[in-house]
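Below is one structure, written out as structure tokens; comments come after it.
This chain uses plain numbering: 1 for the first residue, then up along the sequence. All values below come from the heavy atoms of this structure, side chains included, with hydrogens, waters and symmetry mates left out.
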Amino acid sequence: MKTIPTNEEGGPLRRGGITKKILLPGAVLLLLAALVWLFLALRGAAQAGGTVTLLFFDRNGAQLAPAQVRAVSNNNGLAYNSDFLLNPANLRAVSSGPLYTSGTNLAFNIPSQPVALAFNWPTLPGGFHLLILDNGGGGFTTGGTINFTYQAARDVKRRLDAALAARADYVRSAKFSTAYDAAAAQLNSVDVYSPESAKGKAGQLALDQLGVAFDALLAEHGPVFARNNKATLMPWLGFTIDTVSNYQANLDLAASLTAPYGWIRIVFDAGVGPSTYSALVAYAKSKGLKILGQPVDSSYDRQYTRAQYKQRFIDFITAFPQIDAWEVGNEVNGTWLSSDIALRIDDAATEVKARAPGALTLVTFFWQINTDTVANSMFNWIANNLPASTRSKIDVVTFSQYQEQAPMGVAFDQVMRTLRAEFPTQKIGLGELGYWIAGQRFWWAYNETDVAAAKLAISAQYHGAAFDYAGSIGGVFWWEFITDFKTNTAMQQTVTRVRDILNSGGVTPTPTPTATPSPSPSPSSSPSPQPSPTPTPSPLPSPSPKPSPSPSPTPSPSPGSNVFNGTWAVRGTIPATATYRDFYQRVAVTANTQVSASVWVKGTGSVELQVWGDSAWTRKLAGVRVNAGANWTKVTTPAFNTGGRTRVWLSFDNAYSNAAGTMYLDEVFLGSTGGANRVLNPGFESGAVSWTSTDQSVFTVRQNP
């Protein structure tokens, strides 16, 4: 597992009290002066510009104490501290965790350069945004006391006004105008002489409306901008698929929603050769879809050496000369990738240019600016790892975006414009989008209580907004396309709305005629990869539990089958020597509840079913040896109490030597007796969704194994 520590509060020690005035000899004064100079020198640039003290107020005008501010920003402890200092001009991170408690407030010290404060903060109804407090654009250079929500609203409105001015052809909708006017009215209701509580309240209420207005501007104008500039932008409407199962139906749907702008991004499973995908690739082309090939997902990167990474691209490029673009690096600034990933990108791009000169090269970054290390913050990594020689081989740059991992919101316009400035000659866009990925649910967007509604809002927002920039191909490439779009007509309409605007007026490309379908190939033996997560931070104080689903009746086993129920199960190929590989899921639970975990098992071999209380896996709450036999058997852990936790880690571990065999695991349960099952995708009927395997040679999710 990958973990990152939460950002710790820190800062200089403050001492209060009365100072007596004492007359001292000159030598003593010189000595004191030298000590003061040395003290300041040791502190270095950390306080070169002074200290900014922040005042926080809620939407009722009540002042918030530091612990309350942290709770608001951290989503009541579900997330972790997100404060970073940035260069306001290029959004490169300067330092992490700058906020510390100073008296009854939070404060940060200004280094020897102008800085902006990045901080995740919620609005209603928009959910969490990344707020970039940049003091009117120039950043903070001198100390002072700042009203956070009031200044943030002023900074966001300034950027919104600039975005509006840059889109002179935008026809303001009622949604935009209502929200914009409400935000302006809130800010106009106070001035510099107003009480800080009144300014803080007005700022928070203005932020609520500014989020709505900014979203409306970009989502409404983006498709119109792309339609009016089709000749130069060449719009892409893309989806991601990561399985060959039912590929004809999946590609039929993708083509019907996107033609004639459709792209399909194919994630080629680790260890699986090109021949598995031949029929899928041919059928995609027959449907008029362009193809973005991804030979190495970021979650697979460490499975390959640099030479193997390069060879994998050679193998797929050689096999599929008809593929239109190649993703030469996926989520490349993630901390979980190989240290030489920048060299791998260059190797792969070189092979594409040499072996498929008509194909495009694409790099996807991982959207994170204030949730990981400074070095891996997106724009820092780009600046430090992609020299001009590599950039010259890259045609398209995108980033993946999961708002529950790293909020975006009102920062989207600023981020896209900064990306364009960083890559003025390349195309830009969104390379991966999704929401509510298991194990990464730290912040919420658009609707806290309804995930389906939030997904709908995110899809509608960014399928439009991604197009609203010079040089943007749009893209999006929704990760869980098959799951989220297959039967959801509302989700489908978020894409067809954009397609119809692109098709309105002017000449549109003609799609390739449809050919006769080829038979579906057998599903790959590897499970579907999951979006590579931001490393999970250590658990923070427990929030109130979310509503739990209704319990489902236990299904009956299928006699003689390797699947207990349905058509999917986990196959464990257990080696003779323990290697301590895991197949796990982070599970949301109710605090202070008596629960147990169980699994149905069949076959041969043994593993341990474990439940851990922390992301570092240092506190085991329960464990039981799972021995497989000829018939399906249910194995249950002893009951245990969740304590103050609202999440635990359930894992299967090949922790025993002399326990080799092939076993099948199905219908995993964690919860109270007779209560709801807290495990997501417990029967694996959605493939590997919500689960992580640290070694797919040991644990794989399979259909009809």
Side-chain angles (χ1 to χ4, degrees), residues 1-5 269-271 297-305 334-339 438-440 525-527 529-530 532-533 535-539 569-587 596-629 633 635-638 640 645 647-666 668-670 679 681-682 684 688 690-702 705:
M1 292 183 67
K2 300 174 286 292
T3 62
I4 56 170
D269 284 347
D297 186 76
S298 69
S299 60
Y300 298 154
D301 168 70
R302 285 184 178 269
Q303 297 184 26
Y304 299 99
T305 65
T335 54
W336 59 94
L337 278 84
S338 304
S339 59
Q440 302 297 315
S525 60
S526 299
Q530 299 302 299
S532 301
T536 305
S538 301
V570 173
R571 187 171 80 176
T573 306
I574 312 304
T577 302
T579 59
Y580 303 99
R581 298 296 188 257
D582 295 282
F583 183 77
Y584 68 91
Q585 178 182 140
R586 189 178 77 165
V587 182
S596 62
S598 65
V599 64
W600 286 87
V601 60
K602 177 187 174 183
T604 58
S606 299
V607 295
E608 185 177 18
L609 169 55
Q610 308 166 340
V611 182
W612 298 85
D614 63 336
S615 62
W617 295 27
T618 60
R619 178 68 187 275
K620 184 185 286 189
L621 303 179
V624 65
R625 182 162 180 154
V626 178
N627 297 315
T633 304
V635 180
T636 304
T637 68
F640 61 93
R645 301 173 184 85
R647 50 193 171 184
V648 297
W649 283 257
L650 183 152
S651 173
F652 298 95
D653 189 308
N654 67 319
Y656 306 109
S657 294
N658 302 314
T662 301
M663 63 195 317
Y664 302 92
L665 307 170
D666 205 353
V668 184
F669 175 87
L670 192 151
V679 176
N681 188 23
F684 311 105
S690 303
W691 293 92
T692 298
S693 174
T694 62
D695 189 340
Q696 293 170 18
S697 68
V698 179
F699 296 106
T700 58
V701 180
R702 297 181 177 229

Taking every heavy atom of Gln440 against every heavy atom of Arg586, the minimum-distance pair comes out as N-NH2, 4.0 Å

Between Thr637 and Ala597, is there a donor-acceptor pair closer than 3.5 Å when you use the side chain of the first and the backbone of the second? yes

Point to revise | Exercise: do Asp297 and Ser299 side chains pair donor with acceptor under 3.5 Å | key: yes

TODO: Taking the side chain as every heavy atom from C-beta outward, state whether Gln696 and Asp269 have any pair of such atoms under 4.5 Å apart.
DONE: no

Exercise: do Thr700 and Arg702 side chains pair donor with acceptor under 3.5 Å: yes

> Please walk me through it: do Met663 and Val626 pass side-chain contact (heavy atoms from CB on, under 4.5 Å)?
Replying inline: CA-CA 10 Å; Met663 63 195 317; Val626 178; 4.3 Å; yes

Quiz item: Can you check whether Phe583 reaches Leu665 side chain to side chain, under 4.5 Å on heavy atoms?
Solution: no

All heavy atoms of Tyr584 vs all of Thr694, minimum pair found to be CE2-CG2, 3.8 Å

Walk me through whether Val698 and Thr573 qualify under side-chain contact (heavy atoms from CB on, under 4.5 Å). CA-CA 5 Å; Val698 179; Thr573 306; 5.8 Å; no

Using a 3.5 Å distance criterion without hydrogens, assess whether the side chain of Thr604 forms a donor-acceptor pair with backbone atoms of Thr662. yes

Inset, instruction - Without swapping roles, check the side chain of Ser690 against the backbone of Ala438 for a donor-acceptor pair under 3.5 Å. - result: no

*asked:* Could you check whether any side-chain N or O of Asp301 sits under 3.5 Å from a backbone N or O of Ser338, counting only pairs where one atom can act as donor and the other as acceptor?
replied: yes

Strictly distance-based, threshold 3.5 Å: is any side-chain N or O of Trp691 a donor or acceptor partner for the main-chain N or O of Asn681? yes

query: Do any N or O atoms from the side chain of Arg302 and from the backbone of Leu337 form a donor-acceptor pair under 3.5 angstrom?
result: yes

Heavy atoms, side chains only, cut-off 4.5 Å: are Val668 and Phe684 in contact? yes

Check: Judged by atom type as modelled, is there a donor-acceptor pair below 3.5 Å linking the side chain of Asn654 to the main-chain atoms of Tyr580?
Finding: yes

Can you see whether Ser298 engages Trp336 through a side-chain donor-acceptor pair at a distance of less than 3.5 angstrom? yes

